[in-house]
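Structure in structure tokens, see below.
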Amino acid sequence: DDPQAGDKSSCDDNLIQQILNATDADLQGVISDKGQAASELLRSHADYSQSTPADLHDVAARQSDFSDQIADKAFESAMGLRAVLNGLMQGVRNTRPSLRRTGRSPDSTRIARLMVGDSRIFRHKDPIVKTNAALQVLLDNSPSMQSTIRQATVAVASLLQAMDGLPGVNPAGYRFPVTVNGRLGIAPILKHGEMFQKARRDGRFAVSVEGSTPLAQALWTVSSLLVRQREDRKILIVVTDGDPDDVTSATDIIERCRNSGVEVLGIAMGTQSSNLRVLFGSNYRYISGVSDLRQALFELVQNVLTAKVA
């Protein structure tokens, strides 16, 4: 056995735990280093015979009339989505009060239980848990999305507009595939730290279908960007029909993302591919249009954002 290999594995495990457990104070000044190391960790474990990360293409602004139409349409549903996200980000867990054997607030309806030896008469409530999240949306603009690409783009724009300026949320959006000079890549719709109106002005919602469906490569790149963010939660929402070029490689990357602390969720549109469950397990919802997005988002994200911090 190679002792150096064992040391490296232990180091990798420690790194992941440091990233997942670090507080804001711990992360001050070292966010970039840990994010870079986590990105390299994802890269070092990958099988290059299966896939390689997609390039990040910052494509030039496009004619923006169509982009404006998408943004205007998105506004109609963004307010409802914002209400959902705002409630979730408050981190209130609607759990029933628990009864314990010690405390300051006895439940008068439980006093009689003392007669039968049950001393659990003190009412306790879990504290409100507040959290923050870096949340990315990845849009599949491959040819199989042709019939739903407009609705899918409106859905993505609605999500990004709903998160715009929302306290505790650091949103970003990307689309794939984008090919520049023969090189496969992804392109930003909204970068981390940007405002929604900039994406609108730059015409980034003028999305059309192209290429194939290199989901594994796209996930590799966006997850590497996501783990560099300083927020406690890392959430990646993929808007797709669930038909990637290579299901096995895409599933492998999703599993690696989850092992690195990135929650991967799916919003399915178009045909209901049997691959959706293979890719996302139970962590996806099918929507027939933007009107279904609010309920789907609530169901998918509530447990992630309001999970109690140990």
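The first residue of the sequence shown is numbered 1, and numbering continues consecutively from there.
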- Item | Electrostatic pair R82:D164 at N-O distance under 4.0 angstrom | no
* Asked: Would R150 and I70 satisfy side-chain contact (heavy atoms from CB on, under 4.5 Å), going step by step from the backbone distance to the final call?
  -> CA-CA 8 Å; R150 181 181 176 88; I70 294 292; 3.9 Å; yes
> Do I254 and R258 come within less than 4.5 Å of each other through their side chains, counting heavy atoms only?
Replying inline: yes
Correct closest heavy-atom pair for R200 and D72 would be NH2-OD1, 2.6 Å
| query | Is any side-chain heavy atom of L135 less than 4.5 Å from a side-chain heavy atom of M163? | reply | yes
Note, F280 side chain near N275 side chain (heavy atom, < 4.5 Å) = no
Quick check: does any side chain N or O of Q217 sit under 3.5 Å from a backbone N or O of L184, one acting as donor and the other as acceptor? no
From CA spacing to verdict: ring pair (Phe, Tyr, Trp, His ring centres under 6.0 Å), F196, F205:
CA-CA 11 Å; F196 181 85; F205 298 109; 5.2 Å; yes
Rounded to the nearest 0.5 angstrom, the CG-CD1 distance for L279 and I253 is 12.0 Å
* To do: Taking K191 for its side chain and A172 for its backbone only, find out whether a donor-acceptor pair lies under 3.5 Å.
  => no
Here the pair of heavy atoms bringing S77 nearest to S158 is OG-OG, 2.7 Å
Under a 4.5 Å cut-off applied to non-hydrogen side-chain atoms, are Q136 and H192 in contact? yes
Only one of L56, I189, V137, L139 passes side-chain contact (heavy atoms from CB on, under 4.5 Å) with Y174, and that residue is L56
Would you find a donor on one side and an acceptor on the other, under 3.5 Å apart, between the side chain of D140 and the backbone of S142? yes
For C257, is there any backbone N or O sitting under 3.5 Å from a side-chain donor or acceptor partner on S223? no
ask   = Should R204 and E194 be marked as a side-chain contact (heavy atoms from CB on, under 4.5 Å) after you check the CA-CA gap, both sets of side-chain angles, and the distance that decides it?
value = CA-CA 12 Å; R204 294 186 194 158; E194 286 185 342; 2.6 Å; yes
Is there a side-chain contact between Y284 and R277, using heavy atoms and a 4.5 Å cut-off? yes
Please tell me whether D243 and S144 have a donor and an acceptor in their side chains that are separated by less than 3.5 angstrom. no
Notebook entry, point to check: Donor-acceptor pair, H57 side chain versus P188 backbone, under 3.5 Å?
Noted result: no
Of all heavy-atom pairs linking V239 and M145, the shortest is O-CE, 4.4 Å
Salt-bridge test for E299 and R294: reply yes if a basic N is under 4.0 Å from a carboxylate O, no otherwise. no
Worksheet entry | Intermediate values then yes/no, side-chain contact (heavy atoms from CB on, under 4.5 Å), V59 and R175 | CA-CA 11 Å; V59 295; R175 63 184 177 92; 4.0 Å; yes
* State plainly whether the residues E76 and K73 are in salt-bridge range, i.e. N to O under 4.0 Å. => yes
### Message
Within the structure provided, determine whether T213 and F176 are in side-chain contact (heavy-atom separation under 4.5 Å).
### Response
yes
Does any non-hydrogen side-chain atom of I267 lie less than 4.5 Å from one of I237? yes
Query - Worked check of side-chain contact (heavy atoms from CB on, under 4.5 Å) between V262 and I235 - result: CA-CA 6 Å; V262 177; I235 304 171; over 6 Å; no
T251 vs E255 side-chain heavy atoms within contact, under 4.5 Å = no
Classify the side-chain pair E231/N132 by whether it contains a donor and acceptor separated by less than 3.5 Å.
no
Do any N or O atoms from the side chain of R228 and from the backbone of S224 form a donor-acceptor pair under 3.5 angstrom? yes
message = Using only atom types and a distance under 3.5 Å, with no angle test, would you say the side chain of N141 pairs donor to acceptor with the backbone of P177?
response = yes
Ignoring hydrogens and angles, tell me if any N or O in the side chain of D246 forms a donor-acceptor pair with the backbone of T248 under 3.5 Å. yes
